[in-house]
Structure formats: structure tokens, C-alpha cells
J.: 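Below you will find the structure I want to go over with you.
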Number of protein chains: 2
Amino acid sequence: MKTSENRPAVTIHEIAQHLGVSSAAVSSVLSNRQVERRISDATAKRIREAIQKLGYVPNMAGRRLRSHRPATREFNLAILTSFEAPLPLVAQALHTLQAEADARSTQHTRHAIAIEMFHAGRLSEKPGLLDADRYHGVIITNTLPADDAFLAKARLPFPAVVLGRRIPGYFCVLEVPDFVGRRSAEVLLDAGCKNPAVIHGQLLTQATSERVSAFQRTIRARRKQPPAIIVSEGLQPHNAIVALDEFFAGGGRCDGLFAVTDSLAVGAYRVFQQRNLSIPGDVAVVGVGDHELAEFFTPPLSTLAGANDAMVSEAVPLLFHQLEGSSDRPREILVVPPVYLRESTQRRH
Amino acid sequence: MKTSENRPAVTIHEIAQHLGVSSAAVSSVLSNRQVERRISDATAKRIREAIQKLGYVPNMAGRRLRSHRPATREFNLAILTSFEAPLPLVAQALHTLQAEADARSTQHTRHAIAIEMFHAGRLSEKPGLLDADRYHGVIITNTLPADDAFLAKARLPFPAVVLGRRIPGYFCVLEVPDFVGRRSAEVLLDAGCKNPAVIHGQLLTQATSERVSAFQRTIRARRKQPPAIIVSEGLQPHNAIVALDEFFAGGGRCDGLFAVTDSLAVGAYRVFQQRNLSIPGDVAVVGVGDHELAEFFTPPLSTLAGANDAMVSEAVPLLFHQLEGSSDRPREILVVPPVYLRESTQRRH
DNA sequence: GACGAATGCTAAATCATTTTAGCCAAATCG
DNA sequence: CGATTTGGCTAAAATGATTTAGCATTCGTC
């Protein structure tokens with residue numbers, strides 16, 4: 001790590017002043033135009049050395065402003081997601097956003113689109129989010145309650161659409177409440193399960209926590225006793241393996257599992273195989289369709305949700321609507337998640 | 001689609017002029033400071049209407065420049081990848097880059113990091129890539145030959161590191177040539193395969209095409225006849241299913257498969273299951289470890305490559321080195337991909 | 001009816017950079 | 001030796017937005 005970067009930054013003017021030349025000369029050298037601008041080799045060399053020595057870093061805002069073509073508008077759009085969340089969903093959102101942006105690009109209108117990430121629960125620490133000088137609009141997804149609280153309080157100074165979360169004052173796109181939790185419980189019960197369980201990670205997004213509690217309520221209502229709740233440290237398969245092994249070692253019983261993430265289901269598959277429990281014969285498994293490979297698991301995994309296509313299709317037009325200056329009041333759009341019943345929850349005779 | 005956006009863009013000055021007020025007034029209304037700045041409600045209303053009617057879009061470069069705190073340097077870094085490529089690798093690169101950037105952030109130095117995407121083979125159409133006014137540095141990955149050619153010719157006006165590809169004039173990080181192709185051939189042969197085959201998608205990155213040809217060469221050298229080559233339309237499991245079904249329907253034979261992508265291996269698993277070919281009993285399968293779930297497939301998939309961790313760990317410091325103004329000559333770093341032998345290539349008695 | 005305060009605005013500076021027009025001295029030419 | 005060219009630079013404008021200081025009015029009060 002160079003300590004040099006701890007010094008204050010310098011501008012082109014300061015370099016010029018330091019050398020007793022004009023800033024035009026420095027700029028010419030920086031863009032390698034010193035020959036056509038007729039800066040002598042000796043001066044160019046002095047300038048180059050100063051640039052190096054003082055650790056000059058160009059200010060992109062200055063450059064962009066200067067090179068801006070008049071009468072052109074440029075939209076800076078971003079998808080904000082957490083480092084911890086699965087990416088395929090986000091990629092799809094980007095794809096849709098990009099396609100829509102391309103369709104709207106004209107002679108005078110350009111769009112720049114990026115994915116940016118924040119640490120789950122620490123959205124508030126993301127630099128520039130509260131300033132109005134970075135984004136024209138954003139789609140925010142995979143937030144934790146702490147992030148939601150921050151957003152509810154902060155009110156971003158630019159259009160935003162929130163995915164999978166209901167936050168007052170924002171345009172939100174989310175799945176029909178309780179649907180996934182209730183249906184996954186029904187799917188397991190219909191498959192003949194007597195001892196259903198749910199596995200989820202420690203960190204709960206609002207969508208996930210609603211799924212879990214709706215699952216609990218439904219099971220309790222139908223079977224007069226609550227399901228087992230298994231908590232894994234993270235969302236990766238090996239987290240599920242550790243949590244389930246512990247569960248069984250402690251005498252836990254389970255003949256039907258709702259995994260709030262497909263990657264948890266993958267870990268569960270492994271544990272059941274190792275314990276010689278057949279799927280769905282001994283234990284049925286249902287996941288949420290956040291993984292494109294779910295239908296290729298052995299056996300193919302039944303999934304709910306994964307309404308991501310649908311949510312994104314709603315969210316993107318909503319964002320552009322705001323960008324175009326609509327003054328509509330924030331509203332919520334509810335999406336019904338698709339249900340894919342596959343072999344992993346086949347009814348037992 | 002609003003046609004309004006086809007009109008030339010307007011600036012704050014133009015709005016002001018149009019209304020016969022000052023640009024300061026317009027700016028005050030835009031930032032909702034009209035009360036403290038003592039703009040009358042009537043004027044504020046007129047301004048707001050004009051903003052709406054003329055379709056004003058703020059120029060972020062102007063705003064950022066204005067709000068720039070002197071003596072502060074800001075690095076804009078990006079990871080450029082193709083829409084078509086698998087994302088987990090990229091997420092990891094972002095993670096590493098972000099961590100390194102955070103470690104280097106000081107009172108006077110900030111970093112902004114994003115993932116941006118281009119259509120495979122059309123990197124040249126990405127706006128702003130040839131201008132020096134957007135990025136301080138980039139990591140480029142998942143390029144196709146057309147992109148490579150573009151990069152070789154263009155010479156980007158900012159530091160860059162290319163992953164998985166050798167391009168003259170750039171810092172490149174890639175796997176040891178031929179390693180993956182040769183080792184995957186050896187793994188299949190060691191498992192006792194007599195009729196090895198390889199499956200890949202139509203679009204070939206340089207890394208992939210090298211893997212395929214090294215595989216071919218190795219097989220031909222050892223078995224005196226070339227492997228079957230199966231080409232799928234895309235990289236998704238269903239593409240592999242279509243291609244393999246066609247291959248078998250056409251009388252193709254195969255008792256060992258090298259899948260250049262794990263998602264292709266997933267599709268292959270399905271086809272083999274449906275044809276009652278056991279893995280690895282009847283057919284051995286080896287993939288490249290671009291999928292975190294490979295070890296959880298049934299049976300667990302042997303993988304090569306997936307040297308992504310290692311490549312990223314090399315690439316990130318290389319980028320920062322350039323950002324710090326090092327004038328080193330571009331060089332290549334070769335990484336040896338790890339090899340994970342799992343059940344899918346277990347030797348037959 | 002004079003003074004102070006409130007109201008409603010504007011002019012100009014500032015942020016960092018690039019480019020255009022042009023200045024002055026030295027070299028070359030006729 | 002005067003005119004023209006070349007070399008080596010600089011001053012200043014321009015890009016778009018925000019903020020600070022301040023200028024006119026009008027209003028209220030004693």
C-alpha cells in the first residue's frame with residue numbers, strides 16, 4: 001500500500017503552478033498531444049515527472065463536463081444489490097433494464113447502466129446514495145431490515161424502485177404476501193408430510209421472513225403443531241449441511257423441507273442422500289426458484305417464487321416512468337409467483 | 001415510449017432564460033430550497049412547470065464537479081463482462097476489488113466500483129470505453145475474439161487488466177495454456193474412456209477455444225483418433241440436452257465427456273440419466289469449476305479450472321499497481337487451475 | 001415619514017478540465 | 001534587412017450546476 005495516496009490530491013492547475021507552466025501545457029501532455037500543441041520535449045518531460053511525483057489523478061467529473069456534447073442528456077442508472085445475495089436475479093434485472101434503455105436511446109439521450117453492491121444491512125454506508133449528483137435512478141434489491149429502515153427515513157433524492165420489499169414512500173414491486181409461505185406448506189402437506197420443517201439463513205430479508213412466518217402459520221393451522229425451524233449460518237449448501245446434520249444429530253425429525261433458497265435445498269439433498277433418505281419417498285423438498293438449475297437437480301426440485309422475471313418486468317417500466325417526470329404517487333405492485341411442481345414433492349401413494 | 005425524449009436536452013440556464021428568471025432560481029427549486037432561498041410560490045410553480053414541460057434532466061457531471069471537495073481524488077473502477085457469461089466469477093472479482101479499494105481508501109481517496117456489461121463480441125459498441133472521461137481503471141473479462149481484436153487495436157486510454165485472454169499491450173491474467181484441455185483429456189482417459197467427447201457452445205472465448213483444442217490434441221495423441229465434438233447453441237443446460245440428444249440420435253457414441261461449462265455438464269447429466277447411462281459407470285464427466293454447486297451434483301462433478309479466485313487475486317493488485325502510476329511494461333501472469341477429482345470420473349475397476 | 005426588516009430575486013464565483021485563438025521570440029527566406 | 005514562418009508556449013472561454021453575497025423593493029412600526 002502506497003502511503004502516497006494519503007496526501008491531498010492535486011489538480012492540473014497545481015501541477016502547472018508548481019512547475020511555472022500553464023495548465024494548458026499540462027493538459028496537453030496528459031492527453032499525449034504535446035507534439036501538435038508544440039510543447040518542447042524538455043518541458044513535456046518535466047511535466048510528466050511532476051504528474052508522477054505528485055500522484056495526479058484526473059477528476060472525471062471535470063473531464064466529463066468539459067467533453068459533454070450540448071443538448072445531450074445522459075441517464076446514470078444503477079441496480080443496487082447486496083454482496084451476499086445471489087446474482088442471477090440481478091443479472092436478469094440488468095438485462096431487462098439495458099434492453100429498455102437501449103430502446104429509449106435516441107440522438108439526444110444516452111443511458112449508462114451498472115450493478116453496484118453494498119454490504120447487506122449497511123446500505124446506508126454506500127457513498128453517494130444520499131447525494132443527488134450520482135444517479136438519475138436506481139433499482140434496489142436484496143435489502144435487510146436495517147437497509148429498509150434507512151431507506152424509509154432517508155428518502156432518496158432521485159427515482160427509485162424497491163424489489164421484494166414494502167417501504168413507505170417508494171415504488172415497490174413484491175410478491176403477493178404470504179403466498180410463497182402458504183403454498184409451500186400446502187405443497188408439503190399435500191405430499192403427505194407429517195413432520196414439515198423450514199430451513200433459512202440467519203440474515204432475513206423481509207421477503208424471506210414473511211415466507212417463513214406464513215409457512216409456520218399455515219402448518220400450525222393445518223396440523224395443530226408448528227414446523228421445525230432450522231437456521232443455517234449462511235445461504236450456501238455447506239451451511240445447510242452443517243445445520244441439518246446438527247438438527248438430525250439432536251434427534252430432529254423431518255419428512256418434508258421448505259428451503260428458502262435453492263442453494264440451501266442443494267445442501268439438504270446431500271444430507272438426505274447420505275442418510276439414505278429418498279426424495280421424495282422419505283422426505284419431500286420444496287425450494288424457491290432463484291436458481292436456474294433447480295429443474296436439473298436429482299430429483300428435479302419443486303420451486304415456488306422465482307417471480308423475478310415478473311417483478312423485473314414491472315419494476316423497469318416503473319423506473320422509466322419516474323425518470324420521465326411522472327408525478328404519480330408511490331405505489332406497490334404485487335406479483336403472483338409461479339409454482340413449479342416437480343419430482344421432489346411427488347405425492348406418496 | 002415518450003417521444004419527448006427525442007428533443008434536445010435543456011440546461012438549467014435554458015429553463016431560466018425561457019422563463020425570464022435566473023438560473024439560481026431554477027437550481028433552488030430543483031433542490032427544494034425555494035423557501036430558504038426566498039423564491040415566491042408563484043415563481044416556484046412556474047419553474048416547476050417549465051422543468052416538467054421541457055423535460056429537464058440534470059447533468060451529473062456538472063453537479064459532481066460543483067460538489068467536489070477539493071484535494072479529494074476519486075477512482076472510478078469497473079468490471080466489464082458480457083451479458084452472456086456466468087456471473088458468480090464476476091461477483092467474486094467485484095468482492096476482491098471492493099475489499100482492496102476499501103483498504104486503500106483514505107481521507108483524500110475514494111473509490112466507486114461497478115459491474116458493467118456488454119454484448120459478447122460487441123465490446124466496441126460500449127459507450128465511453130475509448131474516452132478518457134469515465135473510468136480510471138477496468139478489469140475486462142469474458143471477451144470473444146471480436147472483442148479481443150477491438151482491444152488490441154484500440155489501446156484504452158486508462159489502466160486495464162484482461163482476464164482469461166492474452167492481448168498484446170495489456171496486462172493479462174490467464175490460466176496456463178493447454179492445462180485444462182490436456183488434464184481433462186487425461187482425467188477421462190485415466191477413467192478408462194474409449195470414446196471421449198467434448199461439448200461447448202457456439203460462441204468461444206479464447207480460453208474456451210484453447211481448452212477445446214488442447215483436449216483434442218491430447219486425445220488424438222493418446223488414442224490415435226480425435227474425440228467427438230458436440231456444439232450446443234448456448235451454455236444453458238437445455239442447450240446441452242438438445243445437442244446431446246441429437247448427437248446420440250445420429251448414432252454418436254460417448255463414454256466420457258468434457259463439458260467446457262458446468263451448466264452444460266448439468267444438461268448432460270440429465271441426458272445420461274434419461275438414457276440409463278450411469279455416471280461414471282457408463283460415462284465419465286468432467287467440467288470446469290465455474291459453478292459453486294458442482295460438488296453437490298449427483299454424482300459430484302469433477303472439475304478443472306475455476307482458477308478464478310487465483311486469477312482475481314492476481315488481477316486486482318495489478319490494476320492498483322497501474323493506478324498508482326507504475327510505468328511497468330504490460331505483462332502476463334499465468335495461473336495454474338486447481339483440479340478437483342470427484343465421483344463423476346471415478347476410475348472403473 | 002424614516003428606519004429596520006422582510007421579501008424576492010440576481011450576479012458572479014467556483015468546481016477541474018480541454019481547446020481555441022493568439023502572443024512573442026527565434027529562425028528562415030528572399 | 002524586412003517579411004514570413006516556426007517553435008513554444010499562455011490566456012481565456014466553455015462545459016452545467018450550486019451557493020454566497022448582495023441589490024432592490026415593499027411592508028410594518030414608532
Side-chain angles (χ1 to χ4, degrees), chain A residues 8-17 19-47 51 54 56-76 108 131-134 136 157-158, chain B residues 8-17 19-47 51 54 56-76 108 131-134 136 157-158:
Chain A
V10 293
T11 67
I12 270 189
H13 283 279
E14 286 161 347
I15 293 178
Q17 211 164 357
L19 290 178
V21 299
S22 76
S23 53
V26 179
S27 175
S28 302
V29 170
L30 272 171
S31 51
N32 277 319
R33 296 222 204 299
Q34 80 264 174
V35 175
E36 59 185 277
R37 296 275 176 74
R38 297 201 299 232
I39 308 297
S40 69
D41 287 355
T43 309
K45 187 162 170 253
R46 281 174 58 221
I47 291 177
I51 287 170
L54 300 180
Y56 171 74
V57 173
N59 177 318
M60 288 304 170
R63 284 199 176 160
R64 298 211 68 170
L65 179 54
R66 169 63 221 221
S67 69
H68 179 75
R69 236 189 70 190
T72 305
R73 65 193 126 230
E74 171 140 4
F75 288 98
N76 294 342
H108 298 116
D131 306 332
D133 62 2
R134 194 181 290 257
H136 288 91
F158 44 79
Chain B
V10 292
T11 67
I12 267 190
H13 284 276
E14 287 162 347
I15 292 178
Q17 209 163 359
L19 290 178
V21 299
S22 76
S23 54
V26 179
S27 174
S28 302
V29 170
L30 272 171
S31 52
N32 278 318
R33 298 225 205 297
Q34 79 264 172
V35 175
E36 60 185 276
R37 295 275 175 74
R38 296 198 304 232
I39 307 297
S40 71
D41 286 355
T43 307
K45 186 160 170 256
R46 281 173 59 222
I47 291 177
I51 287 170
L54 300 180
Y56 171 74
V57 173
N59 178 317
M60 289 304 170
R63 281 197 178 162
R64 297 210 69 171
L65 178 54
R66 168 64 220 219
S67 69
H68 179 76
R69 235 189 71 191
T72 305
R73 66 194 126 230
E74 172 141 3
F75 288 98
N76 295 341
H108 298 116
D131 307 331
D133 62 2
R134 195 181 290 259
H136 288 90
F158 43 78

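Chain naming here is simple, since letters A, B, ... match the order of the sequence lines and numbering starts at 1 in each.
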J.: For D:dC9, take OP1 and OP2 only and decide whether either is under 4.0 Å from a side-chain N or O of A:Thr43.
T.: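 For D:dC9, OP1/OP2 do have a side-chain N/O of A:Thr43 under 4.0 Å.
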J.: Please determine if a side-chain N or O atom of B:Ser40 lies less than 4.0 Å away from the OP1 or OP2 oxygen of C:dC9.
T.: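 So the side-chain polar atoms of B:Ser40 do come within 4.0 Å of the phosphate oxygens OP1 or OP2 of C:dC9, strictly under.
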J.: Could you check how far CZ of A:Arg64 sits from P of C:dT17, rounded to whole Å?
T.: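 So the two atoms are 15 Å apart, to the nearest Å.
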J.: Would you tell me if any nitrogen or oxygen in the side chain of B:Arg63 comes within less than 4.0 Å of OP1 or OP2 on D:dT18?
T.: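 Answer is yes, contact under 4.0 Å.
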J.: Between the protein and nucleotides 23-25 of chain D, which nitrogen or oxygen pairs come in under 3.5 angstrom?
T.:
none

J.: Specify the closest pair of heavy atoms between B:His13 and B:Ser23, including all atoms of both residues, with the distance to one decimal.
T.: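 Nearest pair, atom of B:His13 first, then B:Ser23: CE1-OG, 3.5 Å.
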J.: Here's a test of your reading of the structure: between A:Met60 and B:Ser28, which maps to the more 5' nucleotide of DNA chain C?
T.: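 The residue mapped nearer the 5' terminus is B:Ser28.
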J.: Does B:His13 make a side-chain N or O approach to OP1 or OP2 of D:dG16 shorter than 4.0 Å?
T.: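 Result: no.
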J.: Please state how far atom CZ in B:Arg33 lies from atom P in C:dC9, giving the value in whole angstrom units.
T.: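 Taking CZ of B:Arg33 and P of C:dC9, I get 18 Å after rounding.
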J.: Nearest to the A:Ala24 side chain among C:dT18, D:dA11, D:dT18, which nucleotide is it?
T.: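 My answer, after comparing the listed nucleotides, is D:dA11.
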J.: Grab the CG-C1' distance between B:Leu54 and D:dG16 for me, whole Å please.
T.: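 Whole-Å distance recorded here is 16 Å.
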J.: For A:Asn59, does its backbone N or O pair with a side-chain atom of B:Arg73 as donor and acceptor, under 3.5 Å?
T.: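 Checking the backbone N and O of A:Asn59 against the side chain of B:Arg73, no donor-acceptor pair under 3.5 Å is found.
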J.: Please report, rounded to the nearest Å, how far the P atom of C:dT14 is from the CG atom of A:Leu65.
T.: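 These atoms are roughly 17 Å apart.
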J.: Using whole Å, what does the distance between atom P of nucleotide C:dT18 and atom CD of A:Gln34 come to?
T.: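 Rounding to the nearest Å, CD of A:Gln34 and P of C:dT18 are 14 Å apart.
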J.: Taking 4.0 angstrom as the limit, do A:Glu74 and B:Arg63 come out as a salt bridge?
T.: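 No, A:Glu74 and B:Arg63 are not salt-bridged.
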J.: Check B:His136 against A:Met60 and note the closest heavy-atom contact, atom names and distance.
T.: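 That would be CE1-CG, 3.3 Å.
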J.: In whole Å, what is the span from the CG atom of A:Asp131 to the P atom of C:dC15?
T.: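 In whole Å, C:dC15 P and A:Asp131 CG are 18 Å from each other.
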J.: Considering only heavy atoms from C-beta outward, does the side chain of B:Leu30 approach that of B:Ile12 to under 4.5 Å?
T.: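 Sidechains of B:Ile12 and B:Leu30: in contact.
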J.: May I have the distance from B:Ile39 (atom CD1) to C:dG8 (atom P), rounded to whole angstrom?
T.: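 About 9 Å, once rounded to whole Å.
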J.: When you compare the side chain of B:Glu14 with that of B:Leu54, does any pair of heavy atoms fall below 4.5 Å?
T.: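 No, every pair of side-chain atoms sits at 4.5 Å or beyond.
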J.: Which part of the nucleic acid, if any, lies within reach of B:Val26 when heavy atoms closer than 4.0 Å are counted: base, sugar-phosphate only, or nothing?
T.: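 Here B:Val26 touches no strand at all.
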J.: Nearest whole Å is fine: how far is C:dT17 C1' from A:Leu30 CG?
T.: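 Going from CG in A:Leu30 over to C1' in C:dT17 covers 10 Å.
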J.: Without swapping roles, check the side chain of B:Thr72 against the backbone of B:His68 for a donor-acceptor pair under 3.5 Å.
T.: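 Flag not set: sc B:Thr72 to bb B:His68 has no pair under 3.5 Å.
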J.: Is there a side-chain contact between B:Thr11 and B:Ile15 in this structure, where contact means two heavy atoms from C-beta onward sitting under 4.5 Å apart?
T.: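 B:Thr11 vs B:Ile15: side chains apart.
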J.: When you measure from the side-chain N and O atoms of A:Arg37 to the phosphate of D:dG8, is any distance below 4.0 Å, counting only OP1 and OP2?
T.: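 So the side-chain polar atoms of A:Arg37 never come under 4.0 Å of the phosphate oxygens OP1 or OP2 of D:dG8.
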J.: Look at the side chain of B:Arg66 and the base of D:dT18, then say whether one donor and one acceptor between them are separated by less than 3.5 Å.
T.: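 Such a pair exists between side chain and base.
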J.: Nearest to the side chain of B:Pro70 - D:dT15, C:dA16, D:dT18?
T.: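 Selected nucleotide (nearest to the side chain): C:dA16.
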J.: On DNA chain D, nearest-nucleotide positions of A:Asp41 versus B:Thr11: which is more 5'?
T.: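 Of the two residues, A:Asp41 wins.
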